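Values below: all heavy atoms of this structure, side chains included; hydrogens, waters and symmetry mates excluded. Quick caveat: nothing in here was measured; it's all calculated off a predicted structure. Residue indices begin at 1 and follow the sequence shown.
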Amino acid sequence: MVGEISNKRSSEAVDEDVQRLKEWLEKQPHLPQDVEHEILLAFVNGTKTLEIAKRKLDAYYSNRNRGAKLYDEISRDVNAQFRERSKALSQFFLTSSTPEGHRVFFLTINDCFEKVFDHPHEITRMVMMIELLLKKWPDNTGAYLVIDCAGVPSSLFTMISPTALAASLNCYQEGYPIKLKASIAINAPPFVEFVVNNLFKPLMKAKLFKRVKVVNEGVTFLKQFMPLEILPSNYGGKDKSVAELNDEWLNIMEENREWFMNSMKQASDEKKRPPDSESTYGIDGTFRKLAVD
């Protein structure tokens with residue numbers, strides 16, 4: 001196949017595709033024009049073709065109108081109240097990636113979960129963390145989500161907001177260039193699988209749902225996906241403790257407060273969208289098929 005890349009892509013090929021994506025973006029009057037280089041690079045590295053990168057980049061900004069609650073000023077302002085509302089869960093990326101270069105997003109249940117869990121807030125926080133992944137590691141080509149369900153109450157089903165869940169899953173599946181290698185729930189009581197099958201499965205694409213693993217096993221289950229040494233010290237790994245990593249990432253979010261606030265302005269202007277834009281991705285050129293799984 002002409003133009004097909006096998007094995008690893010060269011930095012020159014990546015740079016070329018970033019430039020093509022930038023040129024395409026300049027011709028889209030409905031999309032923001034102040035998109036950072038790192039974000040464009042993340043969309044190139046995280047998708048199989050430039051055509052897919054274009055479609056996802058368009059959805060990335062248009063979904064900010066549809067999932068408005070995930071992008072309003074109050075929800076995304078990383079201040080004292082934001083921290084207070086974040087006490088139910090610890091959310092962080094592990095310091096080290098897997099040997100393949102995939103990042104690991106880790107969630108744990110805190111003791112006060114049942115009393116203070118705010119699902120819409122935690123969903124927004126997670127979306128913001130994913131955006132930081134694009135900014136911080138634009139060369140990333142895959143990620144794992146690990147959720148330690150130890151301590152989750154049986155009332156979980158009633159604590160989840162279907163609206164917030166649907167909005168976030170739509171944003172992720174349609175507009176984020178991050179390949180989820182697996183979503184793994186460890187130490188999961190039986191009712192967690194019921195929640196996953198009845199709330200998550202109807203909202204997820206079949207291919208993505210196949211990568212969801214819900215097990216009652218502990219941390220040893222993870223060794224088939226990643227070296228256990230990269231895990232937090234609480235789990236026998238060499239990374240910092242869960243509390244330290246959670247605080248570290250809340251600090252990183254606060255350091256990027258202005259960036260998050262500015263990102264709310266980066267939404268599509270649907271009044272300016274060309275009538276045929278949804279069916280003409282890739283019209284201005286040919287696209288290289290990327291060997292990225």
Side-chain angles (χ1 to χ4, degrees), residues 42-43 45-48 56 89-110 122-123 125-152 165 168-169 171-188 192-193 195-197 200-201 203-246 248-250 252-253 290-293:
F43 274 84
N45 281 321
T47 52
K48 290 183 177 180
K56 282 188 173 288
L89 293 177
S90 292
Q91 294 194 36
F92 52 87
F93 287 100
L94 298 183
T95 302
S96 299
S97 62
T98 69
E100 299 78 17
H102 305 321
R103 288 289 158 183
V104 181
F105 191 17
F106 213 97
L107 276 75
T108 67
I109 309 296
N110 296 333
E122 294 293 0
I123 284 290
R125 181 184 172 195
M126 181 181 288
V127 168
M128 294 167 71
M129 292 277 285
I130 294 173
E131 291 173 6
L132 277 178
L133 185 155
L134 301 180
K135 182 175 186 280
K136 187 176 177 65
W137 297 300
D139 57 343
N140 180 73
T141 56
Y144 287 98
L145 171 62
V146 176
I147 305 174
D148 184 355
C149 295
V152 66
L165 180 64
S168 62
L169 284 174
C171 286
Y172 176 80
Q173 292 180 115
E174 302 300 330
Y176 285 87
I178 301 171
K179 293 183 176 62
L180 186 66
K181 296 300 180 179
S183 176
I184 311 160
I186 59 174
N187 295 314
V192 171
E193 188 167 3
V195 172
V196 169
N197 286 331
F200 287 76
K201 186 176 181 179
L203 300 171
M204 298 178 70
K205 294 180 179 180
K207 183 177 180 181
L208 186 63
F209 188 75
K210 288 180 180 178
R211 299 178 182 180
V212 176
K213 316 291 181 183
V214 181
V215 299
N216 60 11
E217 295 178 53
V219 68
T220 55
F221 181 78
L222 299 176
K223 64 183 179 182
Q224 59 186 295
F225 303 99
M226 63 197 69
L228 299 186
E229 64 182 22
I230 72 173
L231 299 178
S233 59
N234 311 58
Y235 293 85
K238 297 181 179 180
D239 206 346
K240 301 171 185 176
S241 70
V242 166
E244 290 173 319
L245 288 165
N246 184 61
E248 180 178 295
W249 276 92
L250 281 171
I252 291 174
M253 295 183 79
L290 310 185
V292 180
D293 183 10

For the [atom1] atom of [X] and the [atom2] atom of [Y], what is their distance to the nearest 0.5 Å?
| X | Y | atom1 | atom2 | result |
| --- | --- | --- | --- | --- |
| Leu228 | Tyr235 | CG | OH | 12.5 Å |
| Asn140 | Ser97 | CG | OG | 8.5 Å |
| Ile184 | Ile186 | CD1 | CD1 | 8.5 Å |
| Lys240 | Leu94 | NZ | CG | 12.0 Å |
| Lys205 | Lys210 | NZ | NZ | 14.0 Å |
| Asp139 | Thr141 | CG | OG1 | 8.0 Å |

Do you know the tightest heavy-atom contact between [X] and [Y]?
| X | Y | answer |
| --- | --- | --- |
| Thr220 | Lys223 | O-CG, 3.0 Å |
| Pro227 | Pro99 | CD-CD, 3.5 Å |
| Leu180 | Ser183 | CD2-CB, 3.9 Å |
| Phe225 | Ala182 | CE2-CB, 4.2 Å |

Please check if the side chain of [X] supplies one atom and the backbone of [Y] the other of a donor-acceptor pair under 3.5 Å.
| X | Y | result |
| --- | --- | --- |
| Asn216 | Ala188 | no |
| Gln173 | Leu203 | yes |
| Arg103 | Thr95 | yes |
| Tyr172 | Ile178 | yes |
| Asn234 | Val242 | yes |

Min side-chain heavy-atom separation [X]-[Y] under 4.5 Å:
| X | Y | result |
| --- | --- | --- |
| Lys179 | His102 | no |
| Leu89 | Met126 | no |
| Pro232 | Phe92 | yes |
| Ile230 | Asp239 | no |
| Gln91 | Trp249 | no |
| Leu245 | Phe106 | no |
| Tyr176 | Val127 | yes |
| Glu131 | Met253 | no |

Distance-only polar pair, side chains of Asp148 and Asn187, donor-acceptor under 3.5 Å: yes
Return yes if a side-chain donor-acceptor contact under 3.5 Å exists between Ser90 and Asn110, otherwise no. yes
Please check if atom NZ in Lys238 has more than 12 non-hydrogen atoms from other residues, nucleotides or ligands closer than 6.0 Å.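 No - once you tally the heavy atoms of other residues, nucleotides and ligands closer than 6.0 Å, there are 12 at most.
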Determine whether Leu133 and Phe93 satisfy the following criterion, side chain to side chain contact (heavy atoms under 4.5 Å, CB included), listing intermediate values before the conclusion. CA-CA 9 Å; Leu133 185 155; Phe93 287 100; 3.2 Å; yes
List the steps, then state whether side chain to side chain contact (heavy atoms under 4.5 Å, CB included) holds for Leu250 with Arg125. CA-CA 10 Å; Leu250 281 171; Arg125 181 184 172 195; 4.1 Å; yes
Which is it for Lys201 and Glu193 under the salt bridge (Lys or Arg N to Asp or Glu O under 4.0 Å) test, yes or no, and what are the steps along the way? CA-CA 10 Å; Lys201 186 176 181 179; Glu193 188 167 3; over 6 Å; no
